[in-house]
Number of protein chains: 2
Amino acid sequence: MTEASPQGNRTRDRILATAARLFSQHGYDHTPLSLVAREAEVSKALILWHFESKQDLFRAALGRTLEPYYIDVGDIGSLDEYEQIKRLVDLYFKFVRANGYSVRFILDMMVSESAPDEVTSHVNRLYSLFREMLTKAITQGRDNGRFRSDVRPDLDAALILTALDGILMEQFLNQATPTNTSEELLEHLKNTALERLLS
Amino acid sequence: MTEASPQGNRTRDRILATAARLFSQHGYDHTPLSLVAREAEVSKALILWHFESKQDLFRAALGRTLEPYYIDVGDIGSLDEYEQIKRLVDLYFKFVRANGYSVRFILDMMVSESAPDEVTSHVNRLYSLFREMLTKAITQGRDNGRFRSDVRPDLDAALILTALDGILMEQFLNQATPTNTSEELLEHLKNTALERLLS
DNA sequence: GTCTATATACAGATAGAC
DNA sequence: GTCTATCTGTATATAGAC
């Protein structure tokens with residue numbers, strides 16, 4: 001790992017960007033170094049000079065893929081609980097829509113149990129954070145009387161989240177139901193979930 | 001493809017069963033023929049005498065893996081709509097629990113878009129069938145007054161199904177939520193879904 | 001039908017010149 | 001830093017004896 005020249009190495013960066021793209025598209029096993037080399041317009045040997053091994057390149061590329069995986073809820077605190085939940089659900093949905101390629105890739109790794117610990121922990125952390133925000137909104141709404149007093153914040157939050165996951169996953173399998181679009185389902189989820197919560 | 005002796009070929013069958021198990025456990029790419037050969041206690045050459053290629057073996061093994069993938073709802077017609085829905089949800093859940101290994105395997109293929117058409121069409125057919133049964137139960141319940149008159153059978157059925165998918169998928173990612181078990185979530189799903197439907 | 005031995009291809013990784 | 005040439009391992013598949 002030679003010390004990079006000031007402001008980083010351009011070639012190394014091109015290799016990394018190319019690798020991140022190809023791994024996400026074809027997966028680790030179906031992305032030979034020869035392909036990365038061709039697309040990045042370098043030799044295989046150069047890749048292995050910049051990175052110790054293919055696995056090492058993969059880890060580095062994953063870091064780049066995970067960069068957009070964080071939550072920015074904006075000024076959610078200023079909204080009432082009803083709107084907070086709608087906002088959170090929409091954010092989740094939009095994020096997956098916007099990052100379809102890499103979400104599919106990461107989902108694939110997790111299902112096949114081939115995801116590095118770094119990835120699973122990152123995803124789990126995000127997931128927990130999101131669920132906690134939902135739980136908090138429901139709890140608040142219950143305590144200030146906007147929601148029913150018998151809601152179960154943790155269970156209701158978890159159920160909303162799993163329904164959301166199901167909608168999103170269907171997009172990755174068949175193309176959702178033939179009759180209903182994912183958008184319709186998403187609206188229905190928000191309507192029924194909030195109807196249940198309101199007192 | 002030599003004509004099998006009466007009642008089928010025992011060795012060929014052992015190869016097939018071994019291959020089905022190993023492919024499900026490790027996936028196509030990580031199941032070399034040498035491993036199948038060792039576990040089935042035959043030579044690699046013999047496998048390729050019985051099957052034209054590794055791909056051919058894989059297709060044949062998939063057929064076996066898919067055998068339990070059918071729906072047996074029993075005498076569901078004799079139940080009222082409320083119980084029908086509970087029964088259907090439980091059946092779905094139990095099936096995935098009982099076939100965890102192969103469900104994960106098939107899910108993996110579909111997410112990575114490497115599933116043969118035969119598999120996706122089989123799974124989609126089952127999925128549609130199940131959703132139609134749910135839709136029918138809700139429609140019936142609405143028409144005979146047990147459920148609210150403003151239910152949306154197709155949307156409500158689809159939402160129940162996606163929530164169910166979400167619960168099941170969480171089992172394949174992290175080990176569900178730390179606080180809630182999948183069983184608790186399943187109960188909560190049934191309770192809230194049916195509460196919404198009832199008039 | 002079943003085996004051993006071999007052909008062929010391609011992957012990741014290294015050696016060494018420039 | 002970057003290349004060409006090569007090593008080494010392992011995979012699928014074939015040839016041919018029994």
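If you're wondering where the values come from, they're calculated on a predicted model, not measured in any experiment. The chains referred to below are lettered A, B, ... by the order of the sequence lines, with proteins before strands, and numbering in each begins at 1. Just the heavy atoms: all of them, side chains too, but no hydrogens, waters or symmetry mates, feed the values below.
The CD1-P distance, from Ile47(B) to dA11(D), rounds to 13 Å in whole Å. What separates CZ of Arg38(B) from C1' of dT4(C) is a distance of 17 Å, to the nearest Å. Separating the CG atom of Asp56(A) from the P atom of dT14(C) is a distance of 12 Å, rounded to the nearest angstrom.
Contact check, Ser53(A) against dG12(C): no side-chain N or O comes under 4.0 Å of OP1 or OP2. Residue Thr11(A) has a polar side-chain atom (N or O) positioned under 4.0 Å from OP1 or OP2 of dT2(D).
Hydrophobic clustering places Tyr127(A) together with Val73(A) (ILVMFWY residues linked when any side-chain heavy atoms are closer than 4.5 Å, directly or through intermediates).
Applying the salt bridge (Lys or Arg N to Asp or Glu O under 4.0 Å) criterion to Glu67(B), with sequence neighbours excluded, gives no partner residue.
Annotation: Phe51(A) is not in aromatic contact with Phe58(A) [ring centroid separation under 6.0 Å not met]. No close placement of the Phe23(A) and Phe105(A) rings is indicated, their centers lying 6.0 Å or farther apart.
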Mind listing the N/O atom pairs, protein and nucleotides 3-5 of chain D, below 3.5 Å?
| residue | atom | partner | partner atom | Å |
| --- | --- | --- | --- | --- |
| dC3(D) | OP2 | Ser43(A) | N | 2.9 |
| dC3(D) | OP2 | Ser43(A) | OG | 3.0 |

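Partner of Tyr92(A) under the side-chain contact (heavy atoms from CB on, under 4.5 Å) criterion, chosen from Asp90(A), Val89(A), Val96(A): Val96(A).
The cationic atom of Lys54(A) (NZ for Lys, CZ for Arg) lies less than 6.0 Å from the six-membered ring centre of Tyr28(A) and within 45° of the ring axis.
Within the 4.0 angstrom heavy-atom criterion, base atoms lie near Leu48(A).
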